[in-house]
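A quick write-up on the structure given underneath.
The analysis underlying the following values was restricted to heavy atoms, covering all of them including side chains, and did not include hydrogens, waters or symmetry mates.
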Amino acid sequence: IYDNILYFTEHNYLKYTRFDTGETAVLCHDPLCKHDTDDCIAYLPDGFFYHLVVDEAVSKSGVVLYVSYSYFKNTTDFEQIHGIARIDFAEGKREMFADGLDCSAINQVSIVGDKFYFIATGTDDYYYKIFSLDKNGRNLTQLTETAEINYLLCAIEDGYFYYSDDFG
């Protein structure tokens, strides 16, 4: 939720609902767009979309969103690609800037300063971990022990992050 608007993914589209009017629409500023090709910033390729977050620090002149995703690169060997996409509504651009991360099921993305924090599983072990990633898509760092439990990122304040797990 940002500026009285709820942003969300539905099927393969980024959408929004305005709380003041109740209007729901595809997040695309081109009235002639059919929202069915990669040229549309609201169109997301087939795959799984886990979490959407607004970058409030840079959204003063136009909404900038990040969405974590997972999709099949091809259906022959079912190689999956995992990452975070940046959608800049003001400039009409979408880029897969953190493509091919060594994680799967990237979710609960938070932005603090110039870093992303998110919970994911490793592609080889499928155990839960909390990671940080610079906003430039570099320096992926595992912040917690690998565990068979689910983490929940609660808050990030004063240089510390607070989380809970299945045990409390």
Side-chain angles (χ1 to χ4, degrees), residues 1-31 33 35 38-45 47-71 81-121 128-144 150-165:
I1 297 174
Y2 177 73
D3 199 24
N4 207 28
I5 299 172
L6 170 68
Y7 296 93
F8 60 96
T9 59
E10 183 176 85
H11 302 291
N12 287 43
Y13 303 100
L14 288 172
K15 292 186 164 187
Y16 68 90
T17 298
R18 298 184 63 83
F19 289 120
D20 54 351
T21 65
E23 169 195 15
T24 296
V26 174
L27 184 69
C28 179
H29 54 289
D30 181 357
C33 184
H35 318 301
D38 282 338
D39 295 332
C40 175
I41 64 167
Y43 175 76
L44 300 167
F48 307 100
F49 306 97
Y50 298 105
H51 193 83
L52 186 68
V53 65
V54 175
D55 189 347
E56 294 184 28
V58 297
S59 289
K60 304 302 180 214
S61 60
V63 177
V64 176
L65 304 161
Y66 291 91
V67 61
S68 62
Y69 62 86
S70 180
Y71 66 89
I81 302 295
H82 313 282
I84 299 172
R86 181 180 196 270
I87 296 99
D88 187 328
F89 185 67
E91 295 185 16
K93 293 181 182 177
R94 179 188 65 225
E95 64 178 314
M96 308 304 213
F97 83 88
D99 206 28
L101 295 177
D102 187 23
C103 303
S104 62
I106 299 167
N107 58 39
Q108 201 184 342
V109 178
S110 295
I111 301 172
V112 176
D114 62 349
K115 289 194 179 286
F116 292 100
Y117 295 88
F118 58 90
I119 298 167
T121 58
Y128 291 93
K129 306 163 189 165
I130 297 177
F131 292 92
S132 69
L133 176 71
D134 294 346
K135 276 174 118 178
N136 62 10
R138 295 188 180 106
N139 299 320
L140 179 67
T141 305
Q142 182 176 333
L143 301 174
T144 59
N150 193 8
Y151 288 115
L152 175 64
L153 191 57
C154 299
I156 303 168
E157 294 178 15
D158 301 324
Y160 294 96
F161 69 95
Y162 301 88
Y163 65 94
S164 64
D165 58 33

### Query
Would Asp88 and Arg94 pass as an ion pair if we require N to O under 4.0 Å?
no

### Message
Would you compute the distance between atom CZ of Phe118 and atom CZ of Phe131 and round it to the nearest 0.5 angstrom?
### Response
6.0 Å

### Task
Would you give the length of the straight line joining atom OG of Ser132 to atom NZ of Lys115, rounded to the nearest 0.5 angstrom?
4.5 Å

### Query
What's the verdict on side chain to side chain contact (heavy atoms under 4.5 Å, CB included) for Ile87 and Leu14, showing C-alpha distance, side-chain angles and the deciding distance?
CA-CA 10 Å; Ile87 296 99; Leu14 288 172; 3.8 Å; yes

### Query
How many angstroms lie between atom CG of Asp3 and atom CZ of Arg18, to the nearest 0.5 angstrom?
7.5 Å

### Message
If the condition is salt bridge (Lys or Arg N to Asp or Glu O under 4.0 Å), which residues does Asp39 pass it with, not counting sequence neighbours?
### Response
none

### Query
side chain to side chain contact (heavy atoms under 4.5 Å, CB included) between Phe89 and Val64: does it pass, once the steps are laid out?
CA-CA 6 Å; Phe89 185 67; Val64 176; over 6 Å; no

### Task
Compare all side-chain heavy atoms of Lys135 with those of Asp55 and state whether any distance is below 4.5 angstrom.
yes

### Query
Do you know the tightest heavy-atom contact between Leu27 and Ile41?
O-CG1, 3.8 Å

#### Entry: Non-hydrogen atoms of Ala42 and Val26 that approach each other most closely
CB-CG1, 3.3 Å

### Message
So, using ring-ring contact (aromatic ring centres under 6.0 Å, His included) as the criterion, who are the partners of Phe116 when residues are at least two apart?
### Response
Tyr66, Phe97

### Summary
Rounded to the nearest 0.5 Å, the CG atom of Asn139 sits from the CG atom of Asp134 at a distance of 4.0 Å

### Query
Between Glu56 and Ile1, which heavy-atom pair has the shortest distance, and what is it?
OE2-O, 4.5 Å

### Query
How long is the span from the OG1 atom in Thr24 to the NZ atom in Lys15, to the nearest 0.5 Å?
7.5 Å

### Task
Would you check, one step at a time, whether the test side chain to side chain contact (heavy atoms under 4.5 Å, CB included) holds for Tyr117 with Val109?
CA-CA 6 Å; Tyr117 295 88; Val109 178; over 6 Å; no

### Task
Under the side chain to side chain contact (heavy atoms under 4.5 Å, CB included) rule, what do Phe8 and Thr17 come out as? Steps first, then yes or no, please.
CA-CA 8 Å; Phe8 60 96; Thr17 298; 3.5 Å; yes

